[in-house]
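Naming convention: chains lettered A, B, ... in sequence-line order (proteins, then strands); numbering from 1 in each chain.
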Protein chains: 2
Amino acid sequence: MCKASTTEEKIKEAAKSVFLSKGFSGCTSREIAKEAGMNVALVNYYFRSKNQLFLIIYQTVMHDFMLSMMEVFSTELSLKEKVSLLIDREYEFLTKHPEIPTFVLNEMARNKDAELQIHETLNNFAQTGVFVEAAKAQMSGEMRQVDMVSLTMIIMANCQHPFMARLLTQQLHGMTDAQYDMQIIKHKEIIKEMILNYLFPKKSTNE
Amino acid sequence: MCKASTTEEKIKEAAKSVFLSKGFSGCTSREIAKEAGMNVALVNYYFRSKNQLFLIIYQTVMHDFMLSMMEVFSTELSLKEKVSLLIDREYEFLTKHPEIPTFVLNEMARNKDAELQIHETLNNFAQTGVFVEAAKAQMSGEMRQVDMVSLTMIIMANCQHPFMARLLTQQLHGMTDAQYDMQIIKHKEIIKEMILNYLFPKKSTNE
DNA sequence: AAAGATTTTAAACGCTTGTTTAAAACAAAT
DNA sequence: ATTTGTTTTAAACAAGCGTTTAAAATCTTT
């Protein structure tokens, strides 16, 4: 897909591709080496072990994933515009990287009590001040009184799930790949209207 | 969790538990045997191979999963009531079996061109006549003009994703297990209102 | 109680896994 | 050209994998 100049980057690229599509338990070191076009030993020469290589890939993927959700919050838009833009950005990101949500959730489940935490990214999330902004919007009546957890869940669910459940939905409705790609584009507008209508309801002529 | 009378049922129970929590690639035959409290050879004596055992488990899980989505459609309720009841039933089912959506989607992805299809269940889905019913409701203006695929996607996303993304969401908001359980209960009502408001909008005094 | 059929086990099979070793190929420097 | 250090490889390691074998244990039937 890309250039992959140095050997180290070649390995990282191959590992990312293989880990994303098969997960940690679903692939072997030799498979990654083959994808990178080299010997198994060379992979371990650069990254010591399969697990160490995985941790590096996981961190960069997780970072990209969280960043795609957060960068909108740093803009100067109204809250409603922010939500709208966030949905656009999420669909844009997930169209390019549809395996990421499944990958992240699976590996978090596989490695519960271990090193796959998200402390840094979590702090960045709080620092955007979007929670304070939302609380204000709710006080002023601009936005419906929905707690921040459910707000997060609504947006994540309606953005991520269509990409995660692609195979099932395609089989269920007998759709081709091209048809589903089109559906995604249409679906984005539908859920955007649904969510915005819910969060920012049109006042019905009182006051 | 249950009685598990015969040896065959003991194996099935153990296999279901292990497969659901770790997936096919994430567990070993010996792990299943140990969970069932017996030798590895005995598992293969009853089920020939790990893959054969998996296929049996997958089929029953898939059946339960699809059934939970479909049984509502056989009732005599209005379409709006059906959607409402469907959401209730889905949350009820997923509270009891939260790993099933992730399991099904993962194994479908692992075994793309193979025997994990859903032909039977798919036919049952069409036979409920819910698609015809929805088309009628749209013609009469009772329901908003949303294609059936997006309707499916909206309901599945808002029901399944909160259970699939539990670990991530809990970490993101620093919630305990008990707090998240409460959140789920609250969230069900929120997405129910959001979805019903969208699908069956209140007419604004015209006609 | 003995015979036969069924269920369960311990042990091994060949193969693949993640990882390491030691030698080869290559590059840089003297 | 030889030495030095780095990169790459082929080959091996023990451990674990799915699966099979053959014998032990248990149950059925007589």
Side-chain angles (χ1 to χ4, degrees), chain A residues 2-59 61 103 106-107 109-116, chain B residues 2-59 61 103 106-107 109-116:
Chain A
C2 284
K3 51 224 162 179
S5 50
T6 81
T7 305
E8 194 170 329
E9 278 170 16
K10 255 190 258 179
I11 298 174
K12 276 196 192 175
E13 241 179 57
K16 189 171 175 178
S17 162
V18 174
F19 279 142
L20 273 175
S21 70
K22 302 201 175 188
F24 181 85
S25 314
C27 74
T28 70
S29 307
R30 282 168 176 83
E31 192 176 352
I32 294 172
K34 196 170 190 176
E35 174 86 12
M38 64 187 62
N39 198 303
V40 209
L42 196 50
V43 172
N44 279 1
Y45 172 74
Y46 279 94
F47 296 94
R48 287 180 51 98
S49 74
K50 182 192 180 188
N51 198 59
Q52 188 121 335
L53 173 57
F54 172 81
L55 287 179
I56 289 169
I57 301 299
Y58 178 83
Q59 276 166 27
V61 169
F103 169 79
N106 276 340
E107 299 305 336
R110 185 182 59 86
N111 223 356
K112 281 200 189 62
D113 36 25
E115 56 256 292
L116 272 61
Chain B
C2 286
K3 48 220 162 179
S5 49
T6 81
T7 305
E8 194 171 328
E9 278 170 16
K10 255 190 255 177
I11 298 174
K12 275 196 193 176
E13 242 179 56
K16 188 170 176 180
S17 162
V18 174
F19 279 142
L20 274 174
S21 70
K22 302 200 175 187
F24 181 85
S25 314
C27 73
T28 71
S29 306
R30 283 169 176 81
E31 193 175 353
I32 293 172
K34 197 169 190 177
E35 174 85 12
M38 63 189 62
N39 198 301
V40 208
L42 195 50
V43 173
N44 279 1
Y45 172 74
Y46 278 94
F47 296 94
R48 286 179 52 95
S49 73
K50 181 191 180 188
N51 198 59
Q52 189 121 332
L53 174 57
F54 172 80
L55 286 180
I56 289 168
I57 301 299
Y58 177 82
Q59 276 166 27
V61 168
F103 170 79
N106 277 340
E107 300 304 336
R110 184 181 61 84
N111 222 357
K112 279 201 191 61
D113 37 25
E115 56 255 291
L116 273 61

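- Going from atom CD of A/Glu8 over to atom P of D/dT7 covers 10 Å, rounded to whole Å.
- The side chain of A/Met38 approaches D/dT9 more closely than any other nucleotide in the set C/dT9, D/dT9, C/dT20.
- Taken to the nearest 0.5 Å, the CZ atom of A/Arg48 stands 13.0 Å off from the CG atom of A/Leu53.
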Verdict with reasoning, B/Tyr58 to B/Phe103, per side chain to side chain contact (heavy atoms under 4.5 Å, CB included): CA-CA 9 Å; B/Tyr58 177 82; B/Phe103 170 79; 3.8 Å; yes
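- Between the C1' atom of D/dT9 and the CG atom of A/Asn44 lies a distance of 14 Å, rounded to the nearest Å.
- B/Glu9 contributes atom CD, which lies 11.5 Å from atom NZ of B/Lys16 (distance to the nearest 0.5 angstrom).
- In this structure, A/Tyr46 places its OH atom 21 Å from P of C/dG18, rounding to the nearest Å.
- C/dT9 atom C1' lies 13 Å from atom CD1 of B/Ile11, rounded to whole Å.
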Which nucleotides of nucleotides 23-29 of chain D have their base under 4.0 Å from a protein heavy atom (B), which only their sugar-phosphate (S), and which neither (-), written as one string 5' to 3'? -------
Test side chain to side chain contact (heavy atoms under 4.5 Å, CB included) on A/Asn51 and A/Phe24 and set out the steps. CA-CA 8 Å; A/Asn51 198 59; A/Phe24 181 85; 3.8 Å; yes
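- Side-chain N/O atoms of B/Tyr45 include none lying less than 4.0 angstrom from OP1 or OP2 on C/dT9.
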Under the criterion salt bridge (charged side-chain N to carboxylate O under 4.0 Å, His left out), I'd like the reasoning laid out for B/Glu107 against B/Arg110: C-alpha separation, chi angles, the key distance, then a yes or no. CA-CA 5 Å; B/Glu107 300 304 336; B/Arg110 184 181 61 84; 2.5 Å; yes
Using atom names, set out every protein N or O paired with an N or O of nucleotides 10-12 of chain C below 3.5 Å, distance rounded to 0.1 Å.
residue: C/dA10; atom: N7; partner: B/Asn39; partner atom: ND2; Å: 3.1
residue: C/dA12; atom: N6; partner: B/Arg30; partner atom: NH2; Å: 3.3

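- When the side-chain nitrogen and oxygen atoms of B/Thr7 are compared with OP1 and OP2 of C/dT8, one or more of them lie within a distance under 4.0 Å.
- Between B/Ile32 and B/Ala14, the shortest heavy-atom contact is O-CB, 3.7 Å.
- Ranking C/dG18, D/dT8, D/dT20 by closeness to the A/Thr28 side chain, first place goes to C/dG18.
- Atom pair A/Phe47:CZ and C/dT20:C1' shows a separation of 18 Å (rounding to whole Å applied).
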A/Thr28 and A/Lys50: side chain to side chain contact (heavy atoms under 4.5 Å, CB included), yes or no, with the steps? CA-CA 8 Å; A/Thr28 70; A/Lys50 182 192 180 188; 5.7 Å; no
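- Look at B/Ser49 and you won't find any side-chain N or O under 4.0 angstrom from OP1 or OP2 of D/dG18.
- Between B/Leu42 atom CG and D/dT20 atom P the separation is 15 Å, expressed in whole Å.
- When all heavy atoms of A/Ser5 and A/Lys10 are compared, the pair lying nearest together is O-CE, 4.2 Å.
- Protein atom NZ of A/Lys10 is 11 Å distant from nucleotide atom C1' of D/dT8, rounded to whole Å.
- Between A/Phe19 and A/Phe54, the ring center distance clears the sub-6.0 Å criterion.
- One can place NZ of B/Lys50 at 17 Å from C1' of D/dT20, the figure rounded to the nearest angstrom.
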